[in-house]
2 protein chains.
Amino acid sequence: MNSLKQMDRGALSDALDHSGQRTTPQRETVFSVLLDERDHPTADEVYTRTKSRMPTISMATVYNCLETLVSCGLVKQVNIEREPTRYCPNLAPHAHFHCRDTGRVYDVPVPPDMMHELAEVLPGEYRADSVELVFRGHLAKGKTK
Amino acid sequence: MNSLKQMDRGALSDALDHSGQRTTPQRETVFSVLLDERDHPTADEVYTRTKSRMPTISMATVYNCLETLVSCGLVKQVNIEREPTRYCPNLAPHAHFHCRDTGRVYDVPVPPDMMHELAEVLPGEYRADSVELVFRGHLAKGKTK
DNA sequence: AATTTGACTTAGAATAATTCTAAACGATCT
DNA sequence: AGATCGTTTAGAATTATTCTAAGTCAAATT
């Protein structure tokens, strides 16, 4: 038993079914870890958190599960500056803000029309299927959030 | 003797001086390699190209030189999807397009007003000093460019 | 119910980009 | 010439991630 809500459990097995993969306890637990704390954890952090709920899970399985979740579209990878890959279950279009002081990554909502405008800077021969937008800098003091 | 033009040679020694670092043959040669072929090479590719002009240079020195050029602001690192870091001497604000077929990276000019608009999607507590914009997809066929 | 199948999990080894270390180098200053 | 100090060098070390090969498990087939 993990902490997935019925809704999320359904989304998970639907997405897995749809891509011809199985719903397993390991995948459910890793997914619940991502949903429970949306701080863009690294694979290592996911491993630690998952292990506390399922002590027998291995690092390789965590990597496998994350890759599976990415492949079926439930989770996105966030790569910033050669740091370890982070994982993000936020499927809405959004940008990221990377704080130079803490290394933390925050989601920044992006209005849909901005996405459209962005698409227009691309010359015609480029057909983009994904856009990645990362800001880097500092948080105004007092707002550690 | 490397293939740096006077203008670029000047920019290099100015930037190095300004950040308290020396102009060395290795740094000049690495910089000229970057300027001569602007295809966003990896450190390894820079190493190969530099070695053909200066056979005694080592990989570590190439990494050191690239780091130096980045630190004095003449070169930008381009990180895409955990692939090896690429190096780009294009200082104008621009985005990148990453072709899924060939792995190649292209510069995409971004109009200044677009940069301003982007800055505005950031909530007030975020102070960004850099913006990174990467498109991924395919090139329209026939335009291998 | 036993067997087969194939996807999944596991521990540990392997990989590869990058960084580190310690010694050697070389230009400049005394 | 000797001292200083930033730079270069070869090779070792690091580390996130992937690979390998054996073991597990559940569902499908006999």
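The analysis underlying the following values was restricted to heavy atoms, covering all of them including side chains, and did not include hydrogens, waters or symmetry mates. Throughout, a chain's letter reflects where its sequence line sits, starting with A, and its residues are numbered from 1.
- Looking at the side chain of B:Y63, the nearest of the listed nucleotides C:dT18, C:dC20, C:dG6 is C:dT18.
- Proximity note for A:S58 (side chain, C-beta onward) versus C:dA7, C:dT10, D:dG6: the nearest is C:dT10.
- Note on ring orientation: taking the six-membered ring where Trp is involved, the planes of A:Y106 and A:F97 are tilted (angle from 30° to 60°).
- Closest to the B:A43 side chain, of the nucleotides C:dG12, D:dC5, C:dT18, is C:dT18.
- With rounding to the nearest 0.5 angstrom, the CZ atom of A:R27 is 14.0 Å from the OG1 atom of A:T50.
- Residue A:T61 is in base contact, counting any heavy-atom pair closer than 4.0 Å across all strands shown.
- Whole-Å rounding puts the B:E28 CD to C:dA27 C1' distance at 15 Å.
- Within the nucleic acid shown, B:N64 comes within 4.0 Å of at least one base atom, counting heavy atoms only.
- One can place CG of A:D17 at 13 Å from P of D:dA27, the figure rounded to the nearest angstrom.
- Heavy-atom nearest nucleotides on DNA chain D were determined for B:R82 and for B:M59, and the one closer to the 5' end corresponds to B:M59.
- Set against D:dT9, C:dG26, C:dG12, the side chain of B:Q26 has D:dT9 as its closest nucleotide.
- The distance between atom CG of A:N79 and atom P of C:dA17, rounded to the nearest whole Å, is 16 Å.
- Heavy-atom distances to DNA chain D give each of A:T85 and B:T56 a nearest nucleotide, and the one nearer the 5′ end belongs to B:T56.
- For A:R27, a side-chain nitrogen or oxygen approaches OP1 or OP2 of C:dC8 to under 4.0 Å.
- B:E45 contributes a side-chain N or O that, together with a main-chain N or O of B:T42, makes up a donor-acceptor pair within less than 3.5 Å.
- Rounded to whole Å, atom C1' of C:dA17 lies 13 Å from atom CG of B:L66.
- Here the side chains of B:P111 and A:V121 are in contact, with some heavy-atom distance below 4.5 Å.
- The side chain of A:T42 contributes no N or O atom lying less than 4.0 Å from OP1 or OP2 of D:dA16.
- Both A:L74 and A:V46 sit in one connected hydrophobic cluster of ILVMFWY residues. Membership requires side-chain heavy atoms under 4.5 Å apart, directly or through other members.
- Between the CD atom of B:E83 and the P atom of D:dT17 there is a distance of 14 Å, rounded to whole Å.
- Rounded to an integer number of Å, the gap from CZ of B:R86 to P of C:dA17 is 12 Å.
- In this structure, the nucleotide among C:dT9, D:dT7, C:dT18 sitting nearest to the side chain of A:C65 is C:dT9.
- One can place CE of A:M54 at 9 Å from P of C:dT9, the figure rounded to the nearest angstrom.
- With a 4.5 Å cut-off on side-chain heavy atoms, A:C88 and A:Q77 do not count as touching.
- Here the P atom of nucleotide D:dT9 and the NZ atom of B:K51 are 9 Å apart, to the nearest Å.
- Residue A:T24 places at least one side-chain N or O closer than 4.0 Å to OP1 or OP2 of C:dT9.
- Side-chain proximity of B:P84 to the nucleotides C:dA17, C:dT9, D:dA10 is greatest for C:dA17.
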